[in-house]
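Note that the structure is a prediction, hence the values are computed from the model and not measured. Each chain gets a letter, A, B and so on, in the order its sequence line appears, and its residues count up from 1.
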There are 2 protein chains.
Amino acid sequence: MSVQERKERERAARERLIVATARELAEQQGWDAVTTRLLAERIEYSQPVLYSHFRGKREIIGAVALQGAAEMAAAVRAAALAADGPRTRVTGLARAYLDFAERNPAVYDAMFQLDGGLAFAAEDTPEPLKDAFAALLESLGEVAGDGVHPGLFTEVFWAALHGLATLTRAGRLPPAEAERRVELLVDRLAMT
Amino acid sequence: MSVQERKERERAARERLIVATARELAEQQGWDAVTTRLLAERIEYSQPVLYSHFRGKREIIGAVALQGAAEMAAAVRAAALAADGPRTRVTGLARAYLDFAERNPAVYDAMFQLDGGLAFAAEDTPEPLKDAFAALLESLGEVAGDGVHPGLFTEVFWAALHGLATLTRAGRLPPAEAERRVELLVDRLAMT
DNA sequence: GGTTCGATCCTAGCATCGCTAGACAATCGA
DNA sequence: TCGATTGTCTAGCGATGCTAGGATCGAACC
């Protein structure tokens, strides 16, 4: 059995290598540069090996997205823990969210802009995605305000952050005043 | 000269046909289906003809985006005119925006999700895009609140709408409660 | 220890993509 | 009427995601 176990370990390691390499390549040169040929060359295997781990390129993007969701959830929770009041917690959360999107644009794209073949807002939504939303909900729920459903409030706040993140990164919003936009958003949306 | 004018007219008509066909095809089967071959076949010309009008597929997407921006500006202004108070105006604007995105998903993608090679938030931003932002500003500026820059407020409100539009359409947000999210957003953001 | 057999991987290739070169035909000016 | 110009098409290039089928390697059995 030991031989088989070793093979499984090696196989899992190679799968992690694929995901990590795809992510690295995407951050360096954009997702367009992540071709199956280049990716295969980087991991020093032939193309078909990729397809023994993933159904196709979509699933590789999906794997990067899940990894990113876990990291984002951690980043958001860390920011929330570092703050003391509900208000500063929300501001910190917003900054952490936008900061993550800015520092990991390719991962953010994998999560929300590209098709990673992942289910959302459904029963079969992968755990990391549900947990990332839960991380937002934990801090945002307490500032939803009276009579407002915490989940609904979180959705709206999240959408606003997502809009700021994508429009800023696409050059639709001047980056200079990003901080003022965050302050305005928190000022108005959060009921403290 | 008349002959040359006729040719120019016909050429302009063909260009409109290309844009209209690309848009139609994108709305029916998604932008992935808008290949240069299929598009050429639909307009009953060969592929290279497309490149005598546009630099490439990107520019065709850009042309659809500009068309969409003009329509969206008109839709937003119409909604604003139909309302009487600042508050109902903002609500109507928000509904019109999201309605446009929902009814014209491919056009909305061309405007904000895909690369149409268009400049934003810069001097060389095409007029229709600046005008679409201006249409939002006209109604949103009056509810920015004291001491808040109308442009900045418009940017934040727009980002929130954009986030709602994209996340809803991507299946990230359940469509059922879309209306309640709009109400919450307007309630909190608009100072009336 | 040699042999068999299954798992693993690679070479080669398919269909399709955006885009372009060069041949061909239609039209215009002289 | 004839050359030149303009316009269009056929054919093809390089690159893409993905796959079929053969080669190779290692584990397991007599």
- prompt: Base, backbone or nothing for each nucleotide of nucleotides 18-23 of chain C, written B, S, -, heavy atoms under 4.0 angstrom, 5' to 3'?
  reply: BBBB--
message: Once ring pair (Phe, Tyr, Trp, His ring centres under 6.0 Å) is applied, do any residues pair with B:F112, and if so which ones, sequence neighbours excluded?
response: B:Y108, B:W158, B:H162
message: Restricting to non-hydrogen atoms, name the atom on B:A94 and the atom on B:V182 that form the minimum distance, rounded to 0.1 Å.
response: CB-CG1, 3.9 Å
message: What contact category does A:R14 fall into here, base, sugar-phosphate, or nothing, at under 4.0 angstrom with non-hydrogen atoms?
response: sugar-phosphate
statement: Rounded to whole Å, the CG-P distance (B:L38 to C:dC17) equals 8 Å
query: Given atom CD of B:E44 and atom P of D:dT8, what is their separation to the nearest angstrom?
result: 14 Å
task: Rounded off to whole Å, could you give me the CD-to-C1' distance for the A:E41 and C:dC10 pair?
output: 15 Å
- request: State which residues pass side-chain contact (heavy atoms from CB on, under 4.5 Å) with B:E177; sequence neighbours excluded, sorted by chain then number.
  value: A:L152, A:E155, B:P174, B:R180, B:R181
Of all pairs that satisfy salt bridge (Lys or Arg N to Asp or Glu O under 4.0 Å), the ones with a partner from residues 14-40 of chain B, not counting sequence neighbours: B:R23-B:E71
query: D:dC18 P sits how many Å from A:Y45 OH, rounded?
result: 21 Å
- request: Not counting sequence neighbours, list each pair that qualifies as a salt bridge (Lys or Arg N to Asp or Glu O under 4.0 Å) and has a residue in residues 163-173 of chain B.
  value: B:D109-B:R169
field: A:E59: salt bridge (charged side-chain N to carboxylate O under 4.0 Å, His left out) partners, not counting sequence neighbours
entry: A:R55
